[in-house]
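Shown next, in structure tokens, is the structure this report addresses.
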Amino acid sequence: MTLHLYDRPGVYLVLAAFLLAAGIYGLIRRRTLIGMLISGELIFSAAALNFMALNRFMTPDPTVGQIFVLFIMGLAAAEIAITLSIIIAVYRNYRSIHSKELSELNG
Amino acid sequence: MIPGSDYLVTGIFGLIVATTVGGALLAVLSTRIIRSVTGLAMCCVGLAGLYYFLNSPFLALMEILIYVGAVCVTIIFGVMLSEPDEPEPQEKRSREALWGGVALLVSAAIFWGVARLGLQGRWPAPAAPVGDGSVQAIGISLLTTYSLPFELISLVLLVAILGALTIAHGGRGKE
């Protein structure tokens, strides 16, 4: 009797759904900008895992999904660079990166 | 084939899935932000293992190189330059519990819905395979079919580096 869980697309899709849900939970609950950034990275990873699972099991050409996930990684790296520089600039101005205290534009 | 190797591979797969899930939970639930970064790194190592199981060792290497090697280290620099620990909750306890419940409800609903879609969706059977998805095939497609996005992503990275330098450049205020 063999299990072969790793040959079923369902496992990967459920895992990607879990990563998405964990990221959204973190986005709602976190009160600092860096914590929200980490949750956003989890959501990126969920999307990439979904692409890879569908690429492995459903598409005829397995190259396409890999290239797409490579582009996702490049965009995530660019996003991290920009976001961290914004966070550092905010910290210099406000001496805090807690999202409750950044309320100057609050109506 | 060695007897019992199936169990060995399934065990390794289970370990990788546990690493991914545990890393994601640690990244979301811990209050010290440095542990949260560690959780993200664990999650990315697990994802690299999953990519390996999905027939893509190239992407597994890239995941470790980019996420663990670059993204997590950059976030740790950001942690060192600011004070990011979760503050003590200042609201009333009941309000806090209410928001926790709402967040848990929303994320559980999303998990249930997406997982159900993934498990019950009628996926089309794959057509006859073309190409093998090897590193050579990836390189050829990157320089022929996908050459425009390839050049564009390098431009995006260049602009991101310049933008990050410009935004973070402003000198320290004298206070």
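For the numbers below, each heavy atom of this structure counts, side chains included, while hydrogens, waters and symmetry mates do not. In what follows, chains carry the letters A, B, and so on, assigned in the order in which the sequence lines appear, proteins first and then strands, with residues in each chain numbered from 1.
- Of the listed residues B/V28, B/L157, B/L54, the one with more heavy-atom pairs under 4.5 angstrom with chain A than any other is B/L54.
- Interface summary for chain A: among B/A115, B/G39, B/A103, the most heavy-atom pairs under 4.5 angstrom belong to B/A103.
- Residues B/S36 and A/I38 share a closest heavy-atom pair of OG-CD1, 3.6 Å.
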Worked check of side-chain contact (heavy atoms from CB on, under 4.5 Å) between B/L25 and A/F18: CA-CA 10 Å; B/L25 286 181; A/F18 171 77; 3.8 Å; yes
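- With values rounded to the nearest 0.5 angstrom, A/S45 atom OG is found 11.0 Å from B/L50 atom CG.
- In this structure, chain A has a heavy atom under 4.5 Å from the side chain of B/I66, while its backbone stays farther away.
- Under a 3.5 Å cut-off, the side chain of A/Q66 and the backbone N or O of B/S56 do not form any donor-acceptor pair.
- Here B/A27 is the residue among B/A108, B/A70, B/G113, B/A27 with the most heavy-atom pairs under 4.5 Å with chain A.
- Proximity to chain A is limited to the side chain of B/V106, based on heavy atoms less than 4.5 angstrom apart.
- Most heavy-atom pairs under 4.5 Å with chain B, from the set A/L42, A/N50, A/I24: that is A/L42.
- At a 4.5 Å heavy-atom cutoff, A/A16 makes no contact with chain B through either its backbone or its side chain.
- Shown here is A/F57, whose CZ atom has more than 12 heavy atoms of other residues, nucleotides or ligands within 6.0 Å.
- Heavy atoms of B/I138 lying under 4.5 Å from chain A belong to its backbone as well as its side chain.
- Interface remark: B/L47 contributes side-chain atoms only to the contact with chain A (heavy atom separation under 4.5 Å).
- The parts of B/L104 that come within reach of chain A are both its backbone and its side chain, each placing non-hydrogen atoms under 4.5 angstrom from that chain.
- A/I34 has its side chain within reach of B/V79: a pair of non-hydrogen atoms, C-beta onward, lies under 4.5 Å apart.
- Contacts between B/F77 and chain A at a heavy-atom distance below 4.5 Å are absent for every atom of the residue.
- Neither the backbone nor the side chain of A/L33 comes within contact range of chain B; no heavy atom of the residue lies under 4.5 Å from a heavy atom of that chain.
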Could you go through the side-chain contact (heavy atoms from CB on, under 4.5 Å) check for A/V64 and B/Y146 one step at a time? CA-CA 9 Å; A/V64 185; B/Y146 300 102; 3.6 Å; yes
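- The CD1 atom of A/I28 sits 8.0 Å away from atom CH2 of B/W99, with the distance rounded to the nearest 0.5 Å.
- Under the 3.5 Å distance criterion, the side-chain polar atoms of A/R29 are left unmatched by any main-chain donor or acceptor of B/L29.
- Within the 4.5 angstrom heavy-atom criterion, atoms from both the backbone and the side chain of B/I75 approach chain A.
- Grouping the Ile, Leu, Val, Met, Phe, Trp and Tyr side chains by contacts below 4.5 angstrom, directly or via other members, places B/V45 apart from B/V71.
- Both the backbone and the side chain of B/V37 have a heavy atom closer than 4.5 Å to some heavy atom of chain A.
- Of the residues considered (A/A89, A/A21, A/G74), A/A21 shows the highest number of contacts with chain B, using heavy-atom pairs under 4.5 Å.
- Only one option out of A/L19, A/V14, A/L20 pairs with B/F111 in a side chain to side chain contact (heavy atoms under 4.5 Å, CB included); it is A/V14.
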Trace of the side-chain contact (heavy atoms from CB on, under 4.5 Å) decision for B/F13 with A/V11: CA-CA 11 Å; B/F13 182 71; A/V11 182; 3.9 Å; yes
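- Remark: side-chain polar atoms of A/R56 are not paired, donor with acceptor, to backbone N or O of B/Y51 under 3.5 angstrom.
- The residue among A/L70, A/I87, A/L37 with the most heavy atom pairs within less than 4.5 Å of chain B is A/L70.
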Assess the residue pair B/I33 and A/R30 against the criterion (side-chain contact (heavy atoms from CB on, under 4.5 Å)); give the C-alpha distance rounded to whole Å, side-chain angles, the decisive distance to 0.1 Å, and a yes or no. CA-CA 10 Å; B/I33 218 76; A/R30 285 289 184 192; 4.2 Å; yes
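- The cluster map of Ile, Leu, Val, Met, Phe, Trp and Tyr, joined by side-chain heavy atoms under 4.5 Å apart, puts B/W112 and A/I43 in different clusters.
- Side chains of B/D132 and A/P62 form no contact here, defined as non-hydrogen atoms less than 4.5 Å apart.
- Most heavy-atom pairs under 4.5 Å with chain B: of the set A/A78, A/S39, A/A81, A/G26, this distinction falls to A/A78.
- Residues A/I86 and A/I80 are members of one and the same hydrophobic cluster, defined by side-chain heavy-atom contacts under 4.5 angstrom among Ile, Leu, Val, Met, Phe, Trp and Tyr.
- Counting heavy-atom pairs closer than 4.5 Å to chain A, the top-ranked of the candidates B/G121, B/A137, B/G23, B/G100 is B/G100.
- Interface remark: A/V90 contributes no atoms to any contact with chain B (heavy atom separation under 4.5 Å).
- Side-chain contact between B/L142 and A/F71 is present, with heavy atoms from C-beta onward closer than 4.5 Å.
- Between chain A and the residues B/I110, B/L59, B/V114, B/L119, the most heavy-atom pairs under 4.5 angstrom are made by B/L59.
- Of the listed residues B/G163, B/S141, B/A109, the one with more heavy-atom pairs under 4.5 angstrom with chain A than any other is B/S141.
- With a threshold of 4.5 angstrom between heavy atoms, A/I67 approaches chain B through side-chain atoms but not through N, CA, C or O.
- Heavy atoms of B/I167 lying under 4.5 Å from chain A belong to its backbone as well as its side chain.
- With a threshold of 4.5 angstrom between heavy atoms, A/Y12 approaches chain B through side-chain atoms but not through N, CA, C or O.
- Under a hydrophobic-cluster definition in which Ile, Leu, Val, Met, Phe, Trp and Tyr are linked whenever side-chain heavy atoms come within less than 4.5 Å, directly or via other members, A/M73 and B/V135 are assigned to the same cluster.
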